[in-house]
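Sequence lines set the chain letters: A, B, ... in the order given, protein chains first and strands last, and positions in each chain run from 1.
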Amino acid sequence: MSNSSRLMVQQQDEVTIVDFLDRSILDEGSIQQIGDEVQELINRAAVPKLLINFENVDHLSSAALGMLITINNRVRAKDGQLKLANISGQIFEVFSITKLDKLFQIHETVEQARAKFK
Amino acid sequence: MAPVPAEDRLVLESRLQEIARAEETVLAAAADHGFDESECFAIRLSLEEALTNAIKHGNRFQQDKRVELTYRVDNERLEITVTDQGGGFTPNQVPDPTLDENLERPSGRGIMLMRAFMTEVAFSADGQSVTMIKQRGFH
């Protein structure tokens with residue numbers, strides 16, 4: 001497994017914005033690594049405010065959905081907030097078929113998502 | 001578009017690292033036969049789910065077990081069968097992941113995605129094989 005990061009992380013005020021560097025988030029090895037990196041970000045924040053940008057993502061598997069659910073549970077356990085942005089086309093279909101568009105707060109753009117943090 | 005149907009049989013070890021190669025082979029054949037980007041998205045996702053299930057839940061990563069993938073594609077349809085050597089399972093016993101009480105469970109969505117993105121999905125009676133069909137032009 002590569003030691004290089006699979007995420008690009010920016011801090012804007014209290015909000016941590018995470019971009020995936022992989023276009024495909026399919027295989028469990030990559031997903032585990034992404035999950036571990038995001039977990040580190042959650043650990044560092046007293047009350048995490050996390051925004052995940054899907055702009056670069058072309059493919060997503062059920063294992064990736066599982067990783068996002070785990071992240072969501074951990075953010076909420078610290079009274080934090082998780083928002084997702086830029087989920088379009090067939091990637092959005094993956095969320096809507098599984099009804100996870102109800103579980104996650106999904107916004108069209110990063111700017112719109114940022115504005116919704118409390 | 002390729003005028004002649006293509007078919008092949010691949011045998012995979014029970015390691016998740018084997019999946020990418022199999023996906024590339026099937027996707028290249030599908031693209032050669034005119035399957036578009038959105039259809040290829042559906043095929044890649046469904047194959048990922050079927051092969052992950054076969055390696056992880058079927059063969060349980062056991063090195064002495066193999067996963068067999070056969071496919072046949074022409075300009076109308078792609079048919080894929082994935083067979084593992086595990087104990088099989090009953091698809092109807094997989095809990096509905098969209099129920100409120102299951103929505104926060106991190107697993108159990110693969111079969112639902114396969115059924116949504118492919119034209120037909122059928123499991124063998126012994127639960128060791130899944131056959132998936134993608135018809136061109138049905139979105």
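Counting only distance, with no hydrogens or angles, the side chain of Gln90(A) and the backbone of Ala42(B) share no donor-acceptor pair below 3.5 Å.
Other residues, nucleotides and ligands place no more than 12 heavy atoms under 6.0 Å from the NZ atom of Lys102(A). Applying the 6.0 Å contact sphere to CD of Gln10(A) captures more than 12 heavy atoms from other residues, nucleotides or ligands. Other residues, nucleotides and ligands contribute only 12 or fewer heavy atoms inside 6.0 Å of the CG atom of Asp100(B). Within 6.0 Å of CG in Asp13(A) there are 12 or fewer heavy atoms belonging to other residues, nucleotides or ligands. Gln39(A) CD: more than 12 foreign heavy atoms inside a 6.0 Å radius. Other residues, nucleotides and ligands contribute more than 12 heavy atoms inside 6.0 Å of the CZ atom of Arg15(B).
For Glu104(B), the parts lying near chain A are the backbone and the side chain together; criterion is any non-hydrogen pair under 4.5 Å. Contacts of Ile71(A) with chain B are absent, with no heavy-atom separation under 4.5 Å from either backbone or side chain. For Leu103(B), the parts lying under 4.5 angstrom from a heavy atom of chain A are both the backbone and the side chain. Looking at Glu23(B), the atoms closer than 4.5 Å to chain A (heavy atoms on both sides) all sit in the side chain, from C-beta outward. Contacts of Asp27(A) with chain B are made by both backbone and side-chain atoms, with heavy-atom separations under 4.5 Å. Within the 4.5 angstrom heavy-atom criterion, only backbone atoms of Leu60(A) (N, CA, C, O) approach chain B.
Under the 4.5 Å side-chain heavy-atom criterion for grouping Ile, Leu, Val, Met, Phe, Trp and Tyr, Leu82(A) is connected to Ile42(A) within one hydrophobic cluster. Residues Leu41(A) and Phe117(A) do not share a hydrophobic cluster, defined by chaining ILVMFWY side chains whose heavy atoms lie under 4.5 Å apart. Leu100(A) and Met114(B) are not part of a single hydrophobic cluster, where members link through side-chain heavy atoms under 4.5 Å apart. Residues Leu45(B) and Leu78(B) do not share a hydrophobic cluster, clusters being chains of Ile/Leu/Val/Met/Phe/Trp/Tyr side chains in contact below 4.5 Å. Tracing side-chain contacts under 4.5 Å through hydrophobic residues (I, L, V, M, F, W, Y), one reaches Leu12(B) starting from Val26(B); they form part of the same cluster.
The CD1 atom of Ile91(A) sits 4.5 Å away from atom CZ of Phe41(B), with the distance rounded to the nearest 0.5 Å. To the nearest 0.5 Å, atoms NZ (Lys99(A)) and CG (Asn102(B)) are separated by 11.5 Å. Note that CD1 of Ile19(B) is 9.0 Å distant from CG of Leu26(A), once rounded to the nearest 0.5 Å. How far OG of Ser61(A) is from CG of Leu51(B): 12.0 Å, rounded to the nearest 0.5 Å. With values rounded to the nearest 0.5 angstrom, Asp58(A) atom CG is found 7.5 Å from Glu37(B) atom CD. Summarising the geometry, atom CG belonging to Leu65(A) is positioned 11.5 Å from atom CE belonging to Met112(B); distances are rounded to the nearest 0.5 Å.
Scanning both residues, Ile97(A) and Thr98(B), for their nearest heavy atoms gives O-CG2, 3.8 Å. Here the shortest heavy-atom pairing between Pro106(B) and Thr70(A) reads CB-OG1, 3.8 Å. The shortest heavy-atom contact between Phe117(B) and Glu93(A) is CE2-OE2, 3.8 Å.
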TODO: Determine, step by step, whether His59(A) and Glu48(B) satisfy the side-chain contact (heavy atoms from CB on, under 4.5 Å) criterion, reporting the C-alpha distance in whole Å, the side-chain angles of both residues, the deciding distance to 0.1 Å, and the verdict.
DONE: CA-CA 10 Å; His59(A) 290 280; Glu48(B) 179 77 30; over 6 Å; no
